[in-house]
**Q** 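Once you've had a glance at the structure underneath, I'll fire off some questions.
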Amino acid sequence: MPGTIRTTSPYPMLSVAEATREILSRVEPLPPVRLDFRTVAGLVLAEDVLADDDLPPTRRAGVDGYAVVARPGPLRLRVVGEVTAGNASSVTVEPDTAVRIMTGGVLPHGADAVVMFEDTGGEQDGYVEVVRPPRLGDHIQAAGVDARSGQVVLRAGQQLHSPEIGMLAAVGHTAVSVHPRPRVAVLATGDEVVAPDGTPPPGFVRDSNQYALIAAAEEAGGQVVWSGHCVDDPARLRVAVEAALGVADVLITSGGVSMGTRDLLKPLLADLGEIHFGRVAFKPGKPLTFATVQRTAVFALPGFPVSSLVTFEVFVRPALRRLQGLTRLHRPRVTVELEHPIEASRYRLEYQRAVVRWQYGRLIGTATGRQASSRLLNMIGANALLEIPSGGEILPAGARVTALLTGEIEDAPAQG
């Protein structure tokens, strides 16, 4: 049965800044879990990590060469042994002797410098000619030069990439406390939606939202644990939403949040939990709804593909990053000059899909054609969202606006 037709919304209109503050005030980093360090790439530390010993623990050679006593030359030294990495030597180096040593080898007693092989005249009959006399400390890595025992080498809040994983291994921290990836559920709604491998009858569309939002959530660090589609039926929608809520930290839906007779999500969410806002002065995506149901954050996004993805980018992505324990929540922002005039929305801050590039030392922003909410094609190749302030005026070419960078800026072509 059709729902009640409303002509006005019961929800006050929030600004983008107000909506963002409301969301971030209600999501916190997920409780830490302890995992094997081999499995935590991309996750965020929930504890400081300390060195368990000096790094390196002893003096060692930084190059292949000879361990010697530093003194003026030229020198002709008797070679009395060899040290390789992982093997120590009990021999003592005297002023007239040398020990052949490989990179990483423990410096023998008495030595205070290392001469590179390239700085010798070669070794013959058990003697080496040193053509470039060493200075005290040459090519020696001192004990603790990388880190001292007890030193904090990684801090809580750091995201773990290859250098950090290497450091965990170096200090023997093989089990580590991290914030897990948020579990995400994605639900597309609508009677008119068919599977991507189907042929849509007249008036129907393929389900692009579900799969675009799955990819967006995973790119933002989420772990998608549930996804699906539901028709606009109150009972079936409740079953689908409750199933998603049962397994997810975050539920992302698309469609069903405006003011039509088939827009059923707002009343359902109000019944299941608490709606914190239901409208934002934002284009495209005014009917964005944010709710919490017990410990699950729910983002009910508009149904048009562009509205859905842009709304995700501006509001959902920062929340997913906060849940992971990250502190840098938002995309980088830069100031760009418009390549062409843009007419501002009268009442709403608008995010226009664009390509930002370098031109003669300046950043230039070019909108990707017609900015219709259904036109997914205008997001293909875009690397930015232009923030166009409300007011209804026409911004001329050359006007400076803020751009939210969603991709890399290509280097400027050579000017010929």
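Sequence positions, counted from 1, serve as the residue numbers for this chain.
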**Q** Strictly by ring pair (Phe, Tyr, Trp, His ring centres under 6.0 Å), give each pair with a member in residues 364-397 just once, sequence neighbours left out.
**A**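 Checked against ring pair (Phe, Tyr, Trp, His ring centres under 6.0 Å) - neighbours excluded - no pair reaches residues 364-397.
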**Q** Does CZ belonging to R132 count more than 12 external heavy atoms closer than 6.0 Å?
**A**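 Atom CZ in R132 is not packed in, count stays at 12 or less.
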**Q** Which word best sums up how the rings of F290 and F277 line up, parallel for under 30°, tilted for 30 to 60°, or perpendicular for over 60°?
**A**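 F290 and F277: tilted rings.
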**Q** To the nearest 0.5 Å, what is the distance between CD (E313) and OG1 (T406)?
**A**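 These two atoms lie 6.0 Å from each other.
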**Q** Applying side chain to side chain contact (heavy atoms under 4.5 Å, CB included), can you list everything that pairs with Q159, at least two apart in sequence or on another chain?
**A**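 By the side chain to side chain contact (heavy atoms under 4.5 Å, CB included) rule, Q159 matches V44, H161, L326.
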**Q** For residues 56-66, which residue pairs qualify under side-chain hydrogen bond (donor to acceptor under 3.5 Å, both in side chains), counting only residues two or more places apart or in two chains?
**A**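 Every pair satisfying side-chain hydrogen bond (donor to acceptor under 3.5 Å, both in side chains) with a residue in residues 56-66: R60-Q141, D64-T103, Y66-E123.
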**Q** I'd like to know if E47 pairs up with R34 as an ion pair, taking the criterion as any Lys NZ or Arg NE/NH1/NH2 lying under 4.0 Å from an Asp or Glu carboxylate oxygen.
**A**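 Counted as a salt bridge, because a side-chain N and a carboxylate O are separated by less than 4.0 Å.
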**Q** Just to verify, what does T39 make a side chain to side chain contact (heavy atoms under 4.5 Å, CB included) with, not counting sequence neighbours?
**A**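 With neighbours one apart ignored, the set is L35, D36.
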**Q** Tell me whether R155 is salt-bridged to E164, with the criterion being a basic N under 4.0 Å from an acidic carboxylate O.
**A**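 Salt bridge between R155 and E164, a charged N being under 4.0 Å from a carboxylate O: no.
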**Q** Would you give me the side-chain donor-acceptor pairs under 3.5 Å for residues 112-121, sequence neighbours excluded?
**A**
residue	atom	partner	partner atom	Å
D112	OD1	A70	N	2.6
T120	OG1	F117	O	2.9
T120	OG1	G122	N	3.2

**Q** Under 6.0 Å between the ring centres of F299 and F312?
**A**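 Judged by ring-centre distance (under 6.0 Å), F299 and F312 do not meet the cut-off.
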**Q** Side-chain donor-acceptor contacts of residues 245-252 below 3.5 Å, not counting sequence neighbours, with atom names and distances?
**A**
residue	atom	partner	partner atom	Å
D249	OD1	R183	NH2	3.1
D249	OD2	R183	N	2.8
D249	OD2	R183	NE	3.2

